[in-house]
Structure formats: C-alpha cells, structure tokens
Amino acid sequence: MNGTPLALDDLRVVDLTHYLAGPFSTKLLADQGAEVIKIERPGIGDGARRLGPFPNDRPDPERSGHFLYLNAGKLSVTLNLKTASGADLLRHMVEDADVLVDNFRPGTLERLGLGHEALSLINPRLITCSITNFGETGPYRDYVADELVLKALGGLVYSCGDPEREPIGIPFPIAQYIAGVYAYDAILAAEWMRETTGRGEHVDVSIMESILAPQEPMITQFVYSGTYWQRVGYRRKNLYPGTILPCKDGYVAVLVVTAAEWKNLCGMIGRPELPQDPRFSTPQARVANADTIDDMLLDFFRTRSARDVYAQAQRSGVPFALVATPPDLLGSEHLRVRDYYRTITDPTGGDWRVPGMAFKLSDSPARPRAVAPRLGQHNRMILGERLGLSSLELVALTAAGVV
Amino acid sequence: MKPLTGVRILDLTQVWAGSKCTFLLAGLGAEVIKVESPRRSDIVRGAPGVLDPERVPNGDPGKRRYNRASTFNTLNRGKLGINLDLQTPDGMQLFKRLVALSDIVAENFSATVMSRLGLDYDVLRSIKPEIIMLSMPGFGSYGPERDNISWADTIEAMAGFCQRTGYDDGRPMYSVQAYPDPFSGIYGAAAVLTALRHRRRTGRGQRIEISQHEALLTMNADALLEYQMNGRIMGPVGNTHPFMAPHGVYPCAAEEEWIAIAVRDDTEWASLCGVMGGPPWTRDPRFETVVGRLSVRAELDAHVAAWTRGYAAEALQRQLQRGGVAAGRVASTRDLASDSQLQARGTFEMVTHPDAGTHPYAAAVPFHFTHEPMPPASPAPLFGQHNAQVLRELLGLSDEEIERLAEQGVISDEPEWARSEAEARLLASAAATAHAGTN
C-alpha cells in the first residue's frame with residue numbers, strides 16, 4: 001500500500017445525485033479518496049440502476065453497467081427526503097459533511113427545506129453543488145431535456161452530420177459527463193476558497209453551459225467575423241484527406257494536416273510522385289480532388305486491415321487513427337501497458353472492465369475501489385453506527401418507508 | 001475573492017487543450033504566466049501553414065494579426081503573456097528562475113518535448129521541490145502508442161467515439177466538434193486542483209499525467225460494458241434512442257432550422273399529441289405505447305417532421321416546453337451568441353482588447369458561485385505584452401538587461417514568422433512601387 005494519503009481522503013460527501021451527471025462528479029471525488037454517502041430512494045434507488053446495460057440483457061438493479069461504473073466506491077443509504085424523518089436524518093448527516101451534491105430539478109431541495117441556506121445554518125462550512133440541465137435561473141430553468149435536447153441547445157448538434165441530411169447528436173452522454181467534471185472542478189475550487197473564507201459556497205453548474213466548451217472559440221470567431229461551423233458530413237472541407245474510410249476489416253480515420261504529412265502518406269501508398277502533382281499540392285486542391293484521393297486510398301486499404309493501415313501510417317508520420325471499437329479498446333496493448341482499465345465486481349461476482357483514471361498523479365495515485373454498493377447496503381453503518389439509530393428505530397423507519 | 005488567488009502557474013501550453021485548462025484556472029484566480037516562443041508563438045495566433053487561417057475582427061488583420069486571432073483571444077483571457085526562447089541559455093535560465101517562483105508548470109507538448117528541452121519533472125523538482133507539473137500528451141508519456149501524432153480527430157477515433165457517430169447506416173463519421181480538446185483541458189484543471197489540495201495537506205508536489213485518449217475514454221464506458229455483458233458493438237444510430245420515440249431532429253420552416261424532440265414516456269407522448277392539436281394520425285393504436293412507437297419509428301418521424309415544418313424553431317421550442325415536452329432548437333453558433341438563457345445567465349463577458357476591440361466572450365468559469373461571483377477575466381495578452389513587467393517585477397531585471405534580451409531575440413514583441421511576413425509584404429509593396437514607377 002502506498003504510504004501517502006489520497007488527495008481527498010479527508011473529505012466527506014453527501015451525494016443526492018442520480019443518473020449520470022451528478023454521479024460522475026461524485027465518482028471522481030470517490031476515486032481520489034473522498035467518502036461518498038449516496039442517498040437513494042427507498043426500494044427504488046438511483047434510476048441508473050435501471051439503465052443497464054445488464055449482463056445477458058437480464059435487468060437487475062444491482063448489475064446495471066452504468067450504475068456499477070458510476071458508483072463503485074460509494075456507500076449507499078436509502079432515505080425518503082419527502083418525509084419529515086428522512087429530511088431530519090439528512091440534516092444530521094450534513095453536520096459533519098464537507099460537500100453536498102444534487103442533480104434534482106431546480107428548487108427541489110429548497111422545497112424540501114434542504115436548500116443551501118437551510119443547511120448552512122446547520123453547517124456553515126458545507127459546500128453545496130447543484131447540477132441542473134440549464135442552471136437554477138433563466139428562462140430555460142424549468143425546461144425538460146434529455147441528452148439530445150441538451151446537446152441541441154448547447155450547440156453540439158448543428159454542425160455535426162451530413163449537409164444533405166438532418167444534423168445528428170452524437171449518441172453518448174458526454175454532455176452529462178463533462179458537466180460532472182466541471183462540477184468536480186467547482187467543488188474543489190469552492191473547497192480551496194473555504195480555507196480562506198471559512199464558509200461553504202453554493203455552486204450552480206449547468207449542463208448546457210458545460211457543453212459550450214467546444215464552441216467557445218467558435219463563438220468568438222462568429223462575433224469577430226460572422227462565420228461559423230456548418231456541417232461537413234463525411235469529408236472535411238478545409239483540408240484533405242480528412243475522412244473515415246473502410247479497410248479490409250474495420251475503418252481507419254484518415255487525416256493529413258501538414259504538407260509533410262501529405263508527402264509521407266504518398267510515400268506510404270507507393271505514390272512518391274504525387275506531392276508534385278498540382279491536383280494535390282495544396283489542401284484546397286486536395287479538397288477539390290477528394291474523389292481521386294479516396295480511390296487511391298481505398299485501393300491501398302482494400303487488402304489491409306484497419307489496424308495495419310493505422311500502425312503503418314503512424315510509423316510513416318501520418319496521423320491516421322484506428323476507428324476503435326470496444327474489442328479494439330479492451331484489447332489495446334497500449335492501455336494494457338499503461339494499466340488503464342480497472343475491474344469492478346458486481347454483487348453476484350461478475351467482473352467487468354471499465355475505464356480507469358483520466359489523470360495519473362505521481363505522489364497521490366488514486367486507488368479506486370472495485371465494488372458498487374447494493375441499494376441501502378450501508379444503512380446500518382451510517383444511520384445506525386454513525387447517527388446512533390437503534391436497530392428497532394431502523395426497523396420502524398423502514399416500515400414507514402423513510403429508509 | 002477568487003479561489004486560486006496567490007497560486008502561480010507557469011504555462012507552456014498552446015493551441016487548445018492545455019490553453020483551455022489554464023484559461024479555467026486563470027478564471028478561478030490563478031496568476032497564469034503564459035510563455036510563448038518568440039519564433040513560433042502559440043500557433044493559434046495564426047502562424048502560417050498549420051491550421052485554418054485564424055479569424056480576425058471584421059476580416060481585417062490590422063498591423064498585428066497575431067494579436068487579433070479569435071482562438072488565441074478566447075482561450076488565453078486572464079493570463080499574462082511573455083515569450084522566451086528556450087533554445088538560448090539566457091531564455092532557459094530565466095525560465096528556470098520563474099519555475100522557482102511558481103506553484104505549477106503546465107504543458108501540452110507531445111510526450112518527449114519537455115525532456116528534450118531539459119525540463120522534465122526531475123529537473124523542475126530540483127529547482128523547486130514542491131512543484132506540480134501537468135503534462136497532457138495525446139497518448140501519455142509511455143506505452144507503445146505514445147508517439148502517435150494526435151489531433152482532436154485522432155483522439156475522437158481512438159477513444160471509440162467515431163465508431164458511434166453517424167446515421168443508422170453504420171458508417172462512422174467524425175463529429176467535427178473537436179470536443180476532445182476542451183474536455184481534456186477541463187480534466188486538466190480537475191487534476192491541478194486535486195494536486196494543489198494534496199500539496200496543501202502534505203507539502204508535496206507531484207507530476208500529473210493526462211493521456212487525452214484515456215481522459216476521453218472515461219466517457220465511453222457504456223460501450224465497453226455493453227460489449228462485455230452482451231457481446232454487442234454499439235454503432236452509429238443517428239438520432240434514434242433505444243427507449244424513446246419520437247426522438248430526433250426535425251426540420252422547421254426556415255432552411256437550416258431544426259428542432260430536437262425527445263419523448264421520454266407515454267405521458268410525454270400524450271403531451272406532444274396535445275401540442276400538435278391531436279391530429280387523426282396520432283390515434284393510430286400502434287403509436288399508443290412506447291414499444292409500438294419504437295417499432296414504427298420511421299413512419300412516426302415522418303408525421304412529426306411534417307408537423308414541425310410549419311413552425312419557426314424558437315417558437316416551437318417554447319410551445320413544446322410549455323406543453324411539457326423535452327424539446328430544443330438545434331442552436332448554431334449564431335444562435336448561441338444571442339441565446340436568451342445564456343444572456344440571462346451572464347455567460348458572455350464584454351471584454352476590451354487593445355488590438356481586437358470590444359467583444360463578448362464566453363466566460364472563463366462556466367459555473368456560478370452564489371456568494372463570490374467570478375469577475376470577468378482580463379483580455380488575452382498581446383504577444384509579449386508582459387515581458388518587461390514579469391522580468392522586472394518577478395526576476396528583478398533592469399531595463400538595460402531587458403533591452404539586451406530583446407536585441408538578442410530571447411524575448412520579442414512580435415513573433416518571428418510575423419516579422420518575416422511583414423518583411424515580405426514590405427518587399428512586395430516596394431517592388432510594386434518600383435514597378436508602378438516605370439509606367
């Protein structure tokens with residue numbers, strides 16, 4: 001065991017989050033050593049328990065892939081915050097907590113009497129963070145949304161896809177994930193500030209504002225010059241080759257940015273005379289002759305695997321990439337050498353490999369925990385041992401639907 | 001107050017991912033000293049031949065184009081700007097003296113550059129034992145794919161995202177949204193804040209390594225799990241959703257106006273039917289349940305599209321949301337710049353830049369502290385703007401010494417590439433004048 005403490009192992013987090021954005025932020029806290037007490041609805045739990053994917057497509061709230069990935073290393077306590085007793089237990093819980101995170105709809109905690117001001121009276125050092133779709137203020141505050149709607153309003157859809165067709169939203173939940181990373185930033189910044197002010201802040205994190213990040217330079221470009229990104233479809237319009245093409249098996253991401261890279265590519269496909277050919281000598285000329293370039297590349301790719309084309313290109317100084325599939329990623333030698341994946345064990349003993357840490361710290365390396373909690377697994381530990389409820393009280397609260 | 005007041009970052013980052021990281025940290029109050037090369041500058045100042053021509057206000061490059069570039073002026077607000085030629089002994093020595101006065105050194109070069117420069121972590125630590133060093137190469141500092149040339153598109157493909165991006169014909173695409181760059185930067189800030197806290201508790205610095213590839217892969221867990229649990233490879237699906245229908249992007253009245261609609265359950269389906277005024281086709285029993293709707297997606301989408309075509313996107317968004325349907329216009333950059341929610345939230349800060357003029361920019365800190373709102377970040381530095389200030393105030397150099405450094409090209413107020421460009425322009429105009437003179 002490493003002798004140095006984990007960076008956050010003295011932080012106690014009360015986690016009211018569910019689904020993806022909030023749980024991702026508290027997962028990042030847990031991975032660095034924070035104690036994260038996840039509060040779930042009695043009998044039902046976090047909706048991510050029903051999201052799957054499930055082993056062999058058999059739904060089981062203890063084996064949902066999303067839930068396991070996002071909640072490994074947290075403690076689970078069930079509490080009905082809509083009951084007076086449940087709200088009261090939460091108030092006890094925040095007495096010695098550092099952080100409380102939620103991703104309910106705006107105003108939910110205030111309505112339950114558990115907003116920042118109310119909890120600050122109990123613990124003025126408590127940092128609270130609310131992650132919402134559009135923020136706690138403004139005309140969209142009460143809008144309903146899913147990933148696609150968030151991405152659409154946040155500018156991640158308009159310029160994605162084929163100009164001949166409708167725009168597309170990329171189908172993985174990066175809007176919610178990146179809001180989770182920003183929330184982690186916000187919480188640690190507030191914790192840093194608390195060292196000086198002695199007071200816990202409230203932070204309002206909006207998913208829509210979080211996904212503006214890729215658009216930030218583009219907004220300035222629009223303000224400066226009136227131009228902005230449009231859909232380009234399968235081929236980049238500003239440089240070429242910039243496309244994705246099939247090989248004997250799988251796809252390779254084809255990209256040439258500099259003149260040197262173009263020359264290297266021509267050499268690689270056995271056409272060293274091409275850089276002199278005026279049809280291909282500038283990025284604009286190559287855009288105009290994209291069909292011819294594709295034919296030459298496809299000719300070379302047809303008999304080779306995507307992995308071989310990618311490896312040969314990188315060896316030749318051409319920035320091709322493998323259009324990696326899950327088996328490619330799980331079998332990656334590079335990621336194996338870097339010991340990237342971690343293994344999560346579900347309550348029936350199944351082992352699943354999931355992404356590891358986004359950053360490696362040399363002196364306080366994360367030691368992520370491997371098990372996600374069963375619904376209410378830590379009720380006795382937290383409510384009984386720590387808050388002092390007797391076994392009989394716990395039974396009564398369970399019967400009353402509070403726990 | 002700003003949280004990171006008193007924290008100093010010596011910033012060698014460039015282009016996007018690294019600059020985004022220190023942009024956010026500057027917004028949170030860190031003093032960021034961005035160190036450029038007097039020869040190359042940060043290439044997003046518009047260095048020729050590498051990326052798209054940078055956009056400048058009103059298309060006018062002005063006298064100093066490198067101070068008017070949109071990407072640079074976005075991602076470097078709140079920072080001080082100096083340059084030092086690290087290939088010269090003087091430049092290197094000054095850099096090392098700045099390391100001794102800094103808390104963090106940040107860089108996003110490719111994996112071997114810092115050690116080639118003689119500035120790897122061990123060297124930095126020998127200058128300042130508690131230094132925090134952030135490195136963010138595309139594929140990490142070791143491993144067989146370490147030396148991959150990486151652009152945002154490369155990371156997107158290698159992290160498994162292109163394979164899931166596209167229409168439902170299975171053909172993968174680039175998203176062309178470049179999200180791997182800023183997302184790595186946001187993770188970079190997370191790592192720095194973590195390491196700062198560790199140092200506060202233990203007095204110890206450390207080296208942070210972010211493989212941008214690995215950082216992005218944290219957001220692709222569901223595909224890895226679906227494959228392990230069920231052997232399925234999740235490919236491109238257009239705008240369809242496994243449990244929701246209708247779920248898509250539909251055309252509106254004006255060209256290139258679209259609306260995204262997501263009907264999450266049967267209650268919301270009833271709400272949508274209500275907003276549409278309950279046309280007869282909605283009473284088709286196949287549309288009644290989610291399972292039914294999922295099985296006739298294409299037909300359903302055609303009906304919805306025929307209806308949305310009659311409306312303006314923004315008005316339809318309001319109407320659908322009033323009816324309780326998850327919907328939003330597909331916002332272009334132009335739409336974002338005037339979006340009512342972003343305006344109400346103070347997302348844009350008016351900033352006056354001495355060479356670029358007064359414009360709104362996206363806030364450095366996109367989240368909101370209730371008690372301590374973050375004031376707007378200062379404009380991005382002109383090239384070399386703070387050379388004299390930093391060298392004088394932090395390192396105690398005299399004006400004569402600073403002048404000597406400028407004469408020797410260790411520091412400069414103009415990138416070398418721009419100087420050659422200006423010379424070429426001057427020569428061309430001299431030639432044109434000479435030519436005109438012969439007529």
Side-chain angles (χ1 to χ4, degrees), chain A residues 7 53 55 65 69 138-140 143-146 148-149 152-153 155 157-158 160 166 170-171 174 177 181 184-186 188-189 192-193 201-202 204-205 209 213-214 216-218 220-225 228 244 253 314 319 321 323-324 326 329 334 337-338 354-355 358-360 362-364, chain B residues 3 28 55 57 70-71 74 143-145 149 154 157-158 160 162-163 165 172 175 177 179 182 186-187 189-191 193-194 198 204 206-207 209-210 215 217-219 221 223-227 229 237 249 260 262 321 326 328 330-333 336 340-341 344-345 359 362 366-370:
Chain A
Y69 173 56
Y140 298 178
Y143 273 17
V144 285
D146 81 328
L148 177 65
V149 170
L153 281 163
V157 175
Y158 181 82
C160 183
E166 74 279 12
I170 36 188
I174 55 171
Y177 278 152
V181 186
Y184 179 94
D185 288 341
L188 288 202
W192 190 265
M193 189 151 57
E201 256 288 2
H202 174 69
D204 166 1
V205 178
E209 285 160 39
E216 283 164 358
M218 198 49 50
T220 307
Q221 173 179 321
F222 169 71
V223 168
Y224 276 15
S225 69
Y228 53 98
I244 289 177
Q314 284 285 355
V323 176
L329 291 165
H334 181 71
V337 166
R338 292 177 56 76
V354 296
F359 46 88
K360 287 184 192 294
S362 64
D363 197 61
S364 60
Chain B
L28 290 168
R55 306 297 175 164
S70 54
T71 304
T74 305
E145 291 174 311
I149 312 167
T154 322
M158 294 291 293
C162 287
Q163 191 263 324
T165 300
S175 73
Q177 304 300 302
Y179 55 86
I186 297 164
Y187 258 130
L193 288 160
T194 309
H198 178 70
R204 296 161 66 100
Q206 56 185 323
R207 175 166 191 272
E209 172 177 328
I210 294 189
L217 195 43
T218 62
M219 304 187 184
L224 300 180
L225 286 162
E226 178 71 60
Y227 180 72
M229 291 176 161
V237 293
V249 169
Q321 286 284 354
V330 175
S332 68
T333 309
L336 294 173
S340 60
Q341 178 70 7
R345 300 272 293 167
H359 299 96
F367 40 82
H368 306 260
F369 295 105
T370 302

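Residue numbers start from 1 in every chain, and the chains themselves are labelled A, B, ... in the order their sequence lines are given, proteins ahead of strands.
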What are the two closest heavy atoms between A/Ala152 and B/Gly328, and how far apart are they?
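Residues A/Ala152 and B/Gly328, closest heavy atoms: CB-O, 4.1 Å.
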
Do [X] and [Y] have side-chain atoms, one donor and one acceptor, less than 3.5 Å apart?
| X | Y | value |
| --- | --- | --- |
| B/Thr74 | A/Thr220 | yes |
| B/Gln206 | A/Ser364 | yes |
| B/Tyr187 | B/Thr218 | yes |

Quick one: of [options], who has the most non-hydrogen atom pairs under 4.5 Å with chain B?
| options | answer |
| --- | --- |
| A/Glu209, A/Glu201, A/Lys360, A/Met218 | A/Glu201 |
| A/Val157, A/Val205, A/Asp146, A/Val337 | A/Asp146 |
| A/Gly155, A/Gly65, A/Pro139 | A/Pro139 |
| A/Val181, A/Ile170, A/Val149, A/Asp185 | A/Asp185 |

Name the member of [options] that forms the most heavy-atom pairs with chain A at distances under 4.5 Å.
| options | result |
| --- | --- |
| B/Ala262, B/Ala189, B/Ala190, B/Ala223 | B/Ala190 |
| B/Gln163, B/His368, B/Arg204 | B/His368 |
| B/Ser340, B/Cys162, B/Pro172 | B/Pro172 |
| B/Thr71, B/Val237, B/Thr165, B/Leu336 | B/Leu336 |

With a 4.5 angstrom heavy-atom cut-off, could you sort out which part of [X] is near chain B: side chain, backbone, both or neither?
| X | result |
| --- | --- |
| A/Tyr143 | both |
| A/Gln221 | both |
| A/Tyr140 | both |
| A/Ala145 | backbone |

Can you label the angle between the A/Tyr177 ring and the A/Tyr69 ring as parallel, tilted or perpendicular, going by 30° and 60°?
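Rings of A/Tyr177 and A/Tyr69: perpendicular, over 60°.
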
Between A/Phe359 and A/Tyr184, how do the two ring planes meet: parallel, tilted or perpendicular, split at 30° and 60°?
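Answer is tilted, since the angle falls between 30° and 60°.
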
Do the charged groups of A/Asp363 and B/Arg207 touch, with an N to O distance under 4.0 Å?
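No, this pair does not count.
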
May I ask you to say whether B/Glu145 pairs ionically with A/Arg338, meaning some side-chain N is under 4.0 Å from a carboxylate O?
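So B/Glu145 does not pair with A/Arg338 through a salt bridge.
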
Where on B/Leu28 is there a heavy atom nearer than 4.5 Å to chain A: the side chain, the backbone, both, or neither?
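Answer is side chain: those atoms of B/Leu28 sit under 4.5 Å from chain A.
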
Region of B/Glu209 that comes under 4.5 Å of a non-hydrogen atom in chain A
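It is both, since atoms from each part get that close.
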
Would you give the length of the straight line joining atom OH of B/Tyr179 to atom CD1 of A/Ile174, rounded to the nearest 0.5 angstrom?
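It is 5.0 Å, given to the nearest 0.5 Å.
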
